[in-house]
A.B. asks: 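Quick one: this structure, given as structure tokens, is what I'll be asking you about.
Numbers here are sequence positions counted from 1.
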Amino acid sequence: MTITLASLEAVPLTASFATIYGGVGNIPEEISKPASHFQSIPRTGQFCTLVLARSSDGATGIGECFGLPTPFASAEVVNRVIAPAIVGHQITEPAQMLRELNGFFARLGHTKGPSMEAMSGVDIALWDLAARRAGQPLAVYLGADAVPVPTYVSPIPFLPSPQQTAERARSLAQDFSAMKLKIGRTVAEDVAFITAVRDALPSNVQLMLDANCAYTLEQASELLAEIASLDIAWLEEPLATEDIAGLRYLAERWKTPLAAGENEFSPAAFRRLASEAGISILQPNITRAGGVTGMLAIDALAMQQSARVAPHGVGGIVAVASTLHVAAKMDSFLCFEINRMPNPLRDGLGPQIKLHQGAGLPPVGNGHGAEITSEAIARFSDTAISP
């Protein structure tokens, strides 16, 4: 590819839960506090940053940066740092652009957070732009077929009782053969919920667990001992991902596979998770781990480390659509997360993601297939989060 970049713009988008539910007082607790890390600072809505890249011939590519907890930080990095640096230049390879930008930010100490998320959104936009100019779906442009990819659904939410949670899981099992339960209360509570859900599901339905880094090493060990006899597909983020020694301890002592990676930003970090921490299931988010370029690099190292990749599935329509296309190219791909929290930025901004027999279909059309109109962007591009 050879693209002369004419403009690059980031647009922060917000969709408040207060608007969705008709007032702050109407927001269900399982929505405002969907995981262990939101218990002290509840979520107020869905957020993402769109990146619009236009070439000199008038074509446009759309990217997305990770939006939590705010979409404004990555937008500032794109608009005030990256755009002035690359607009007007010829880009022949997004990977080269990413290396140069990454080197710049790394020398300033920005190896995680909004700077990395900003680069990820720009990378997705450039790959989308290149595929659209070539008249091909992104998967095809990458050398694969735009085939359906295996999925699982999340979350089975935090509900007041094990019985209510088990009932929600049973309803999800009508459409999916794999699902993920949010845990991270106390070990005793979590075991009660896990047992109720596992007992409520058919034996052919896989159950994953997501602790969102809620446990100490002692607590995680206790939990793994308690669930050792249950059929659990993986335990996700039992500890902080920086606790390499702790994760290695758990991986070596318990048979339940460990998963992690949604909070990591570089191929090097994923290599450490696989080679040093013993993580067998890597979970990159395309909007923070380097975009398309980063996902392909993580796929290559996963193959070297005999790990599998199960990409994180939160975000807007561009994140979901581009991940489905890239997943079709990945040799290490295991399954993709279909998030079911209410999200107008996923379900009301562009095309609906279609599912067939538990598989996700990459959107049709050129690029990642997420066609988004200026009118749709305007509906969510407020400059402040609604109360």
Side-chain angles (χ1 to χ4, degrees), residues 28-39 42-43 150-216 219-241 247 250 254-263 279-283 285 308 310-314 334-343 355 358:
E29 187 166 297
E30 67 265 23
I31 299 300
S32 63
K33 298 180 179 181
S36 59
H37 52 318
F38 289 112
Q39 300 306 298
R43 287 189 61 168
T151 66
Y152 68 95
V153 66
S154 77
I156 307 170
F158 275 9
L159 291 174
S161 73
Q163 292 72 30
Q164 289 171 294
T165 302
E167 186 57 37
R168 183 70 61 88
R170 272 193 293 266
S171 68
L172 292 171
Q174 298 174 22
D175 299 311
F176 291 89
S177 60
M179 59 191 64
K180 188 163 71 181
L181 172 66
K182 288 290 187 182
I183 58 174
R185 305 167 182 84
T186 67
V187 172
E189 284 181 293
D190 285 344
V191 170
F193 277 76
I194 295 164
T195 303
V197 170
R198 183 65 272 179
D199 288 346
L201 294 175
S203 59
N204 65 333
V205 174
Q206 287 188 307
L207 177 62
M208 299 84 161
L209 307 176
D210 186 359
N212 290 112
C213 309
Y215 299 131
T216 65
Q219 291 168 333
S221 296
E222 182 183 353
L223 179 87
L224 283 164
E226 292 284 347
I227 66 173
S229 63
L230 302 179
D231 183 16
I232 301 299
W234 73 59
L235 172 60
E236 182 175 334
E237 288 192 326
L239 310 173
T241 53
L247 290 169
L250 297 177
W254 305 103
K255 68 175 184 178
T256 302
L258 301 184
E262 69 179 67
N263 293 312
I279 300 296
S280 58
I281 299 162
L282 304 176
Q283 299 174 300
N285 192 313
R308 303 297 299 276
H312 194 217
V314 305
L334 176 63
C335 57
F336 176 58
E337 177 181 11
I338 296 294
N339 186 273
R340 277 294 174 259
M341 281 190 68
N343 188 353
L355 299 171

A.B. asks: Using the test ring pair (Phe, Tyr, Trp, His ring centres under 6.0 Å), find all partners of Tyr215 that sit at least two apart in sequence or belong to another chain.
C.D. replies: none

A.B. asks: Would you list the pairs meeting salt bridge (Lys or Arg N to Asp or Glu O under 4.0 Å) in which at least one residue belongs to residues 188-205, sequence neighbours left out?
C.D. replies: Arg185-Asp190

A.B. asks: Minimum heavy-atom separation for Leu239 and Leu247, please, with both atom names.
C.D. replies: CD1-N, 3.7 Å

A.B. asks: Looking only at heavy atoms, what is the nearest atom pair of Met341 and Asn339, with distance?
C.D. replies: N-OD1, 2.9 Å

A.B. asks: List the residues meeting ring pair (Phe, Tyr, Trp, His ring centres under 6.0 Å) with Trp234, not counting sequence neighbours, and say none if there are none.
C.D. replies: Tyr152

A.B. asks: Applying side-chain hydrogen bond (donor to acceptor under 3.5 Å, both in side chains), name anything that partners Asn263, two or more places apart in sequence or on another chain.
C.D. replies: Glu237, Arg288

A.B. asks: Quick one: list whatever passes salt bridge (Lys or Arg N to Asp or Glu O under 4.0 Å) with Glu337, sequence neighbours left out.
C.D. replies: Lys180

A.B. asks: Could you tell me which residues satisfy side-chain contact (heavy atoms from CB on, under 4.5 Å) with Ser280, sequence neighbours excluded, listed by chain and number?
C.D. replies: Pro257

A.B. asks: Mind running side chain to side chain contact (heavy atoms under 4.5 Å, CB included) on Leu235 and Leu250 for me, showing each step along the way?
C.D. replies: CA-CA 10 Å; Leu235 172 60; Leu250 297 177; 5.8 Å; no

A.B. asks: Would you name the heavy atoms of Lys182 and Pro155 that are closest together and state the gap between them?
C.D. replies: CG-CB, 3.6 Å

A.B. asks: For Thr165 and Ile156, what are the C-alpha separation, side-chain angles and deciding distance, and is it a side chain to side chain contact (heavy atoms under 4.5 Å, CB included)?
C.D. replies: CA-CA 7 Å; Thr165 302; Ile156 307 170; 3.5 Å; yes

A.B. asks: Not counting sequence neighbours, which residues clear side-chain hydrogen bond (donor to acceptor under 3.5 Å, both in side chains) with Gln163? List them please.
C.D. replies: none

A.B. asks: Working note: Ile227 + Leu209, criterion side chain to side chain contact (heavy atoms under 4.5 Å, CB included); need CA distance, chi angles, decisive distance, verdict.
C.D. replies: CA-CA 11 Å; Ile227 66 173; Leu209 307 176; 3.7 Å; yes

A.B. asks: Taking all non-hydrogen atoms of both residues into account, name the closest pair between Ala259 and Pro238 and its distance.
C.D. replies: O-CD, 4.5 Å

A.B. asks: The criterion is side-chain hydrogen bond (donor to acceptor under 3.5 Å, both in side chains); which residues satisfy it with Gln206, sequence neighbours excluded?
C.D. replies: none

A.B. asks: Would you indicate whether the side-chain heavy atoms of Leu355 and Phe176 approach each other to under 4.5 Å?
C.D. replies: yes

A.B. asks: Only pairs at least two apart or in different chains count here, so list each side-chain hydrogen bond (donor to acceptor under 3.5 Å, both in side chains) that has a residue in residues 167-179.
C.D. replies: Glu167-Arg170

A.B. asks: Applying side-chain hydrogen bond (donor to acceptor under 3.5 Å, both in side chains), can you list everything that pairs with Thr241, at least two apart in sequence or on another chain?
C.D. replies: Glu264

A.B. asks: Once side-chain contact (heavy atoms from CB on, under 4.5 Å) is applied, do any residues pair with Gln164, and if so which ones, sequence neighbours excluded?
C.D. replies: Leu159, Pro160, Ser161

A.B. asks: Using the test salt bridge (Lys or Arg N to Asp or Glu O under 4.0 Å), find all partners of Glu226 that sit at least two apart in sequence or belong to another chain.
C.D. replies: none

A.B. asks: Backbone N or O of Asn212 within a donor-acceptor pair of the Asp210 side chain at under 3.5 Å?
C.D. replies: yes

A.B. asks: Heavy atoms, side chains only, cut-off 4.5 Å: are Thr195 and Leu230 in contact?
C.D. replies: yes

